[in-house]
Structure formats: C-alpha cells, structure tokens
*Asks:* 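Quick one: this structure, given as structure tokens, is what I'll be asking you about.
What you see below is based on every heavy atom in this structure, not just the backbone, and it leaves out hydrogens, waters and symmetry mates. Predicted, not measured: the structure shown is a model, and the values here were computed from it. Atoms within a ligand are numbered from 1 in the order they appear, just like the ligands themselves.
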Amino acid sequence: MTTTSDRGTEATAAPGDRVPFFPPDLFHEDRDTLLRLLYEIGTGADQKFILGDHTRRFEDALRARLGATDVIACSSGTSALHLILTALGIGPGDEVVVPAFGCAPLAAAVLHAGAVPVFGDIDPRTLTLDPADAEARVGTRTKALMPAHMFSVMADMPRFVTLAVTHGLRLIEDSAVAQGAVLDGVPAGLWGDAGLYSFVQVKSFGMPGEGGAVVTRDEETARTVRMLRNHGQDGVHRGLHHVIGVNSRFDEIQAAFQLHRLAGLTARLERRARIAAHYTEHLAGLPGLTTPPPGTDGRCYYVYTLLADDRDALRDHLSAAGVDTHVYYPRTLPEQAAFAPVAAARPGPGLPHARDVARRHLSLPVHHRLTDAQVEHVTEAVRAHALRTRR
Ligand SMILES: *Cc1c(COP(=O)(O)O)cnc(C)c1O
C-alpha cells in the first residue's frame, strides 16, 4: 500500500516526511504577490495602511460573491462576534444560548458584551448546537441564539431561524469556519441577523495575520457595525463619535492579498471536500470510529473530525506513523476554569453529548496542500489502527 515515501506529483513535500496538520507552505503560490503588495502599499505615496481602497474592494468582492447587504472587514473573528453582539444591543441582563462544545470566543464574546452565555448541548452527529436542547434553555432573559458551525458541518440553521422567530430572539450565526459553505441554497453567514468569517491563518480562507468580517443582510446592523469598528465614527465625519466603538480596523496589505487569493478559494475548498470524501469513503463503518456526516449541502471542510472510542491511542498511533492530528476542544466550555463560575451560577440540564465529544474527537489533516499520497497514507494509518484494535 502507499507509504510516506510515495509522494504525489506536487513538488513540495512535508519536512521530515511527516504529514503536517497545517500546511507549512500556505502562501507558496502567492509569495511574489505578497512581497509586491507589501512593497507597493508599504511605500505608497498615500501611506494608507488601514480601511482604505483595498479594504473597501475586498468587502465589495465578498458582498457580491455572497449576495449580502454588507460585509464589514474587521480585526478578527472574535472581534466580529463582539461587534455583532453590541450592534444588536445585547448587554447586561441578557442571556445568549451558545454551544457547550466549541471555541472560547463563543462564551467570552458574550461575557465581554456584558451578557451571560447559557451553554446548550450538541447534536452527537453534527457536533453543532442541538436546537431542541437550545430551546429548552430559553428563558425570560434570553435575547439571542448563537449556534456555531463546527469542523465540517453547518448547524441546523432552518430550525434555529424557526426558533428565533417563535421566541422573538436574535439569531447570530457563528460561521467563522464556514466561509464558502451553502445550506439549502443560503450561504453560511446569511442565515441570521448577522454572521462572520475569520481569516486567521488556520481557517479555510486564512491569511498571514489576524482578520475577520461581519456579514449581514440587515442595513441597520451593518451601519452600526461599521461605526463600532472604528471608534464609533461614521466614516464620513472624522472626529465625531456616534456610539462607543472599538478599534477593529482592517489592514490594507492583507485586504489586497485576500482580494488576490479570493479567486482560488473555491478550488481550494473543493480540494478539501475531495480529501474529506476520500476519508469518509474509506473510514466509515470501521470499528470504534464515527466519521462526519457526508455530503456537500451545509458542509465546509475546514477540518475533518472523527470520533474515536480510543482517541488518545489513535492519536499516538497516527503520530508514530508520521501523521499530525489535532484535538480542538479537550474540555467543554463550562468545564474551562474561565467559564465554570458562569455555568455554575445558572445550573441547567446536563451536557452529555458535549462532554463525550470533547473526549472522543480527533481531527485529521485536510488542507489543500496535501498530496494524494499523503491523503492515502493518513487513510491507511487510521484503517490500520481501527482494524488492529479489533483483532
Ligand atoms: C476561529 C473561530 C472564531 C474566532 O476567530 P478569530 O479570527 O480567531 O478571532 C470564532 N468562532 C469560531 C467557531 C471559530 O472557529
């Protein structure tokens, strides 16, 4: 069968013959462009480094591609969450239902806005917030639902839209990892009052630095987010502060570079989807393993994540076989020291699926720089472990 020495046709191989979890050569094809933009913008006569024409054009390109009302580039995905919560008027006295399994900003952004995160359990198949569980946690103080798309699967947005309408709640879609995904014909980010993307290096439209964007179909929300992003100014009258804002501005060099890279995004996402389909085809049904739900509708192959009964043994086996893997969230959010007091102050039903998945998930490399031979090697290494364990 295929081994690590059996490389595909691409010129670049992983250093030390390991299969890296993140590409070591992410901007390989765009290096000359990056250097040129750095030089041109860095030495340009107008010395405009933030929120200039490049940012505006980048926002316009994303907006056109999505069919959004507005896209507002900002300093990170985390900042985008904060801008949205603030623009929607969520603050002290309010509760926001968030998934118990996920990244820290889901809880921290709510707390920084002065509101309280209420942790809901996840669906054990999609690993995203379970709408029925979320509904059971809605109370008189609940102001918003904030599901997050997770690894390769979008949350059940049609159900969350219905829930938000039924209970008169705001719907914030944490689509940080799902740029390019579409569910029932609606792009990730456009399901709720607002959504967001993260452009930090590791995300599927990552860049060499920090950045994010708020996306929305609501003009009023867009206007407020634009003001909040730059100290409450309206972009026309400098020095007039209409609302209490923050510094969440976007970098011109990054905007120009992302504009350049946008053309290749679809092809890179398709490569990820093909690798994921290969994994699922060859790993589904193996003993002790659960593969993510297959398909293309509502899928974003940011990360390919298995559930393994003997996760740590599988991880060790893969490491010995030269395959780097990642455990994203080893604890649920309410089990983290930062958020345990918040969770303890508002006891609710248990979170059995979130706790179980925190202990069983393992993510495999799925990035577009993997060669076919590397993909085959990862597949065979996982199969060998699952079948050996069985004997
Ligand atoms: C990465 C991520 C964020 C935060 O984005 P940053 O750009 O890293 O601040 C928020 N939510 C989810 C689900 C993420 O994966």
*Asks:* Do E210 and ligand 1 have an N or O pair less than 3.5 Å apart?
*Replies:* no
*Asks:* Are any side-chain N or O atoms of D310 and backbone N or O atoms of A313, one a donor and one an acceptor, separated by less than 3.5 Å?
*Replies:*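 Such a contact is absent between D310 side chain and A313 backbone.
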*Asks:* Closest by any non-hydrogen atom to atom 10 (C) of ligand 1: pick that one out of T78, D174, V200, L106.
*Replies:* D174
*Asks:* Could a heavy atom of C103 be found less than 4.0 Å from some atom of ligand 1?
*Replies:*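 So C103 counts as touching ligand 1.
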*Asks:* Based purely on interatomic distance, does G77 place a nitrogen or oxygen under 3.5 Å from a nitrogen or oxygen of ligand 1?
*Replies:*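 G77 vs ligand 1: N/O contact under 3.5 Å present.
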*Asks:* Before giving the answer on side chain to side chain contact (heavy atoms under 4.5 Å, CB included), spell out for M207 and Q201 the whole-Å C-alpha distance, their side-chain angles and the decisive distance to 0.1 Å.
*Replies:* CA-CA 5 Å; M207 62 186 201; Q201 168 184 359; over 6 Å; no
*Asks:* Using a 4.0 Å heavy-atom threshold (strictly under), name the region of A176 that reaches ligand 1: side chain, backbone, both or neither.
*Replies:* side chain
*Asks:* Give the intermediate values and the outcome of side chain to side chain contact (heavy atoms under 4.5 Å, CB included) for residues E173 and H149.
*Replies:* CA-CA 8 Å; E173 181 187 2; H149 309 320; 2.7 Å; yes
*Asks:* For ligand 1, which atoms, with element, lie under 4.0 Å from some heavy atom of S76?
*Replies:* 7 (O), 9 (O)
*Asks:* Salt-bridged, E335 to R355, with N to O below 4.0 Å?
*Replies:*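 Here E335 pairs with R355 in a salt bridge, since their nearest N and O are under 4.0 Å apart.
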*Asks:* At a 4.0 Å threshold, what atoms of ligand 1 neighbour a non-hydrogen atom of S198?
*Replies:*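 Selected atoms, number and element: 5 (O), 6 (P), 7 (O), 8 (O).
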*Asks:* If you have a sec, work out which protein heavy atom is nearest atom 1 (C) of ligand 1 and how many Å separate them, to one decimal?
*Replies:*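 Nearest protein contact, heavy atoms only, for atom 1 (C) of ligand 1 is K203 NZ, 1.4 Å.
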*Asks:* Begin from the C-alpha positions of M157 and V186 and carry the test side chain to side chain contact (heavy atoms under 4.5 Å, CB included) through to its verdict.
*Replies:* CA-CA 10 Å; M157 296 314 295; V186 179; over 6 Å; no
*Asks:* Could you walk me through whether F199 and F58 pass the ring-ring contact (aromatic ring centres under 6.0 Å, His included) check?
*Replies:* CA-CA 13 Å; F199 308 132; F58 178 48; 5.5 Å; yes
